[in-house]
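A short write-up of the structure that comes next.
To find a chain, count down the sequence lines: A is the first, B the second, and so on, and within it residues start at 1.
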Amino acid sequence: MNNQRDEQKIYDLWQKNGLFRADPDSLKKPYSLLMPPPNLTGSPHMGHAIQHAIMDAIARFKRMQGFDVLLLPGVDHAGIQFESTLNKLLAKENLNKEKLGREAWLKRAWQFKDEVYQSFHGTWSVFGISADWPKEVFTLEQKVQKAMLKEFKTFWEQGLLYKGAYIVQWCPKDNTAIEDVEMEYEERKEKLYYIRYKIEGIEKFITVATARPETIYADTAIAVYPKHHRFSKFIGKIAVNPLNGNLLPIIEDARVEKDFGTGALKITPGHDPLDFAIGKDHGLGILHSVDKSGRMTKLARDLAGLKVAEAREKAAEKLEKLGAIEEIKDYTHSVPVCERCKTVVEPLVSEEWFVKMKPLAEKALKHLNEINFIPKNYHKIIKDWLKEIHDWSISRSLWWGHRIPVWYCEDCNPNHLVGKNEDVEISLEQPPHPCKTCKGGHWIQDDQVLDTWFTSNLWPFATLGWPEQTKELQRYYPWSFELSAPEIKYLWIARMIMLGLHFMDDIPWKNMFFHGTVRDLQGRKMSKSLGNGVDPLDLVDQWGTDATRMALYSYAAPGRDPRVSRQTMDERCKNYRNFATKLQNLYRFIYELKPEGAATEPNFSHREDVEIVRYLNDTINSVTNNIESLHLHLATEELYDFIWHKFADSYVELSKKRRPAAQPCLEYVFKTCLKLLHPFMPFTTEELWQKQHHGGKPVLSEAGKSIMLTEWPGA
RNA sequence: GGACUCGUAGCUCAGUUGGUUAGAGCGCUUCAUUUACACUGAAGAGGUCAGAAGUUCGAGUCUUCUCGAGUCCACCA
């Protein structure tokens, strides 16, 4: 079937009859699938298409097996991504956050959310997803807000939350802190500068290597590795900052690499994580020569206001003039960039909120083997990461998201510190009562919002109504099945495990399936900037939903990265489009061209009947097993091979010689095949199931009942 | 530096616990010409399963090493 109107009609019929709805009161056994919420921005890509195709096939299969299936959809507000998309749009209107102010900006944001949501939501049904739409959840809605408050409050009461000035990865373009897991590295050819710092009082120098001379303004010490062969004699002496004359203690620290550069390191706690750690242990101060917008601060004197790249050259020129440069080497290294906007990330010190993850990770490690990872090696990958867990930085300097539910008493806590707790309240609304410390009532809410993942990671239970103990929560948690792209295995998957165990005292899902990353023929990720993407909606337009789905299943081997182009996808889709046509023709042959006086009673005793039924039973068994073990690529290939080659090419051809006698077997095999195909090709199978002969009742369906309501064949 | 994945036909890929002659789709060659279906059917060419060694009665599959491709983590002064 290649007519989207027909598909829409069938989809509407399913919806109208409530066939996608889960029923918490059902006596059937529950089977729950949690759809990964796509980001609010952007149109569906191949990754979504493959996820949805897999999820939906399993949901349909389990329904036919007699389970009460919950396939729960949702949408993620995608904080940073959404905000930057909106801000780009606003810039075209010569508007920005500052001009609008928080309230007006948020109004615009919600408007924009509705626009984006509508445009991309319509595309979902195109894939035939049999999701329980009335249960759909958006991560910013009230239900999730309540869950977020509970989460935050619980962490707070358990002493797992803290706020403080720490070195964070700052994206100057998105203007917020991001996490390590949200960064990428790019190989860049840069320079490594060897800078001489004069030792105070004597005519000697200590030389350090740096790639970032512009941060020299923010140096607070020089560190050398223990028992340095040349510099250990300078320990305890003072070096002079060549750019501003600041006095820098020379210290010893084992974290300085012996074999890198000169074995001496300038310590800039404000702009480097290692330096920050060393500085903390040695009680050094923190200075910033670069600000949060990526420009030089007043500390850089006449370079103030310049961008980092420019300031780097200017600083190098100055040092050159001062004769402080010993050597400049070419230097290729990886530079951290923001995963989303590819801007060079600036490590700097900022006031942020963190969650202590160690206790959560420890519990997760204990229960990790209760989850069936597919493929299996992800168990080890997640385990290794949990063992080396870092605290989770949860605050973002954005407006799009859940605002941190913390209120500070402006009268006695004007710096918005956290620690004593009496002058801080955790609440969604302004506290109605005065501050316990000073009896003042001037509350100010924390300015930042929470990391998008702070709520995404509650997904397995917030979507079911937690913290309320709903029927759904008790029935569908833990989820039977979850799937994910490998890219977000730490950001999302590992954290859901930790939070699930922490708040629900149980793993979030029993089966965790990782599909591959769809790549181009050269193995590169698909991206807008490379222009190598394939739009799944184009494929659906050209070849129909079912053909596109079938093409996707052939790439659904667990954990394998498919390499595709528009051309290779077209080839496969065309193949399955032809397969759908084959099914139409089989129907025509078997039912519409049924001979007069054909046998009606099944009597599969003829050698050919016995053989095809045996093949069919083998196929049923093996397709069932392959779906259960999530080898959808094998299940679809077997069906294709059986129907096309064994049934159509061989049995159907042979049957022509003895058509009247073969009729019951033809009908039986064909009907069974439609059921077996339904999870993968929902529209074509339903269309044939409902097809009417000479304007009468449907031939296959009893009383027009959907094929979705038939029982999964057993051998 | 640590971990993981992969290397099979011209291309994209299957090949679940080791078991006859290694498969599919596309592409290619030849034939069939209106058949339920040309969005078709029949036949065929095409592979030292990256390389080497080992375990085994038997290895695409298990082990070790080499070469090549890619991913993730850590570090990058």
Nearest-angstrom distance from the residue atom NZ of A/Lys525 to P of B/U71: 8 Å
Taking the same atom, P, in B/A59 and in B/G70, what whole-Å distance lies between them? 32 Å
Between B/G41 and B/U20, how many Å separate the two C1' atoms, rounded to a whole number? 30 Å
Considering every strand and a 4.0 Å limit on heavy-atom distances, what is the contact class for A/Arg212: base, sugar-phosphate, or nothing? nothing
On RNA chain B, check which nucleotide each of A/Ala557 and A/Pro273 is closest to and give me the residue with the more 5' one. A/Ala557
Counting only heavy atoms not in A/Lys258, do more than 12 fall under 6.0 Å of its NZ? no
Does any donor-acceptor pair link the side chain of A/Lys582 with the base of B/C37 at a separation under 3.5 Å? yes
Spacing of A/Glu637 atom CD and A/Ser554 atom OG [to the nearest 0.5 Å]: 9.0 Å
For atom NZ of A/Lys383 and atom P of B/C72, their distance in whole Å: 22 Å
Any side-chain N or O of A/Asn575 less than 4.0 Å from the OP1 or OP2 oxygen of B/C39? no
Give me the distance, rounded to whole Å, that separates B/U40 from B/C57 when you measure between the P atoms they each carry. 49 Å
Looking only at side-chain atoms of A/Arg588, point me to the closest of B/A3, B/A36, B/U12. B/A36
Interatomic distance at C1', B/C13 relative to B/G60, whole Å: 15 Å
A/His645 side chain N/O closer than 4.0 Å to the phosphate oxygens (OP1, OP2) of B/G25? yes
So, does A/His515 use its side chain to make a donor-acceptor pair with the main chain of A/Leu483 at under 3.5 Å? no
Between B/G23 atom C1' and A/Tyr640 atom OH, what is the distance in whole Å? 14 Å
Pairwise P distance for B/A3 and B/A22, with rounding to whole Å: 37 Å
Using whole Å, what does the distance between atom C1' of nucleotide B/C76 and atom CG of A/Leu192 come to? 10 Å
Touch class at under 4.0 angstrom, heavy-atom based, for A/Pro336 against every strand present: nothing
Within 6.0 angstrom of A/Lys383 NZ, more than 12 heavy atoms from elsewhere: no
Heavy atoms from C-beta onward define the side chain here; which of B/U16, B/U12, B/C26 lies closest to that of A/Leu634? B/U16
Closest to the side chain of A/Tyr185, out of B/G7, B/G41, B/C76, is B/C76
Tell me which nucleotide among B/C37, B/C72, B/U12 gets nearest to the side chain of A/Tyr555. B/U12
On the nucleotide B/U12, are OP1 or OP2 found under 4.0 Å from the side-chain N or O atoms that A/Arg572 carries? no
Between A/Tyr640 and A/Tyr576, is the ring centre distance below 6.0 Å? yes
How many whole angstroms separate atom CG of A/Leu583 from atom P of B/C37? 15 Å
Take atom C1' in B/U8 and the same atom in B/G68, then report the distance between them in whole Å. 15 Å
Over 12 non-hydrogen atoms of neighbours within 6.0 angstrom of NZ in A/Lys574: no
Mind checking if A/Asp649 touches a base, just sugar-phosphate, or nothing, with heavy atoms under 4.0 Å? sugar-phosphate
In dot-bracket form, how is RNA chain B paired, counting a Watson-Crick or G-U wobble pair only if both its distances are under 3.5 Å and using | for bases paired to another strand? (((((((..((((.....[...)))).(((((.......))))).....(((((..]....))))))))))))....
A/Glu252 side-chain N/O to A/Lys227 backbone N/O, donor-acceptor pair under 3.5 Å: yes
Remember a base hit wins even if backbone is also touched, and classify A/His631 as base, sugar-phosphate or nothing at under 4.0 Å, heavy atoms. base
Suppose we call a contact any N or O donor and acceptor under 3.5 Å apart; does that hold for the side chain of A/Glu638 and the base of B/A14? no
Using only modelled atom types and a 3.5 angstrom limit, is any donor from either the side chain of A/Arg560 or the base of B/U5 paired with an acceptor on the other? no
Separation of B/G2 atom C1' from A/Asn377 atom CG, nearest Å, is 16 Å
Rounded to whole Å, CG of A/Asp259 lies from P of B/G1 at a distance of 14 Å
Would A/Arg312 pass as a cation-pi partner of A/Tyr193, given that its NZ or CZ must be under 6.0 Å from the six-membered ring centre and within 45 degrees of the axis? no
Parallel, tilted or perpendicular: ring planes of A/Tyr331 versus A/His333, cut at 30 and 60 degrees: tilted
Comparing nearest nucleotides in RNA chain B, the 5'-proximal residue of the pair A/Trp644, A/Pro562 is A/Pro562
Nearest-angstrom distance, P atom, B/A9 to B/C76: 42 Å
A/Leu274 side chain: which of B/C73, B/U16, B/C76 is closest? B/C76
A/Lys574 NZ - B/C26 P separation (whole Å): 8 Å
Among B/A36, B/C76, B/A14, the one nearest A/Phe260 by side-chain distance: B/C76
B/A3 OP1/OP2 closer than 4.0 Å to side-chain N/O of A/Lys380: no
Taking B/U48 as the reference, what is the distance to B/G10 when you measure between their P atoms (whole Å, please)? 8 Å
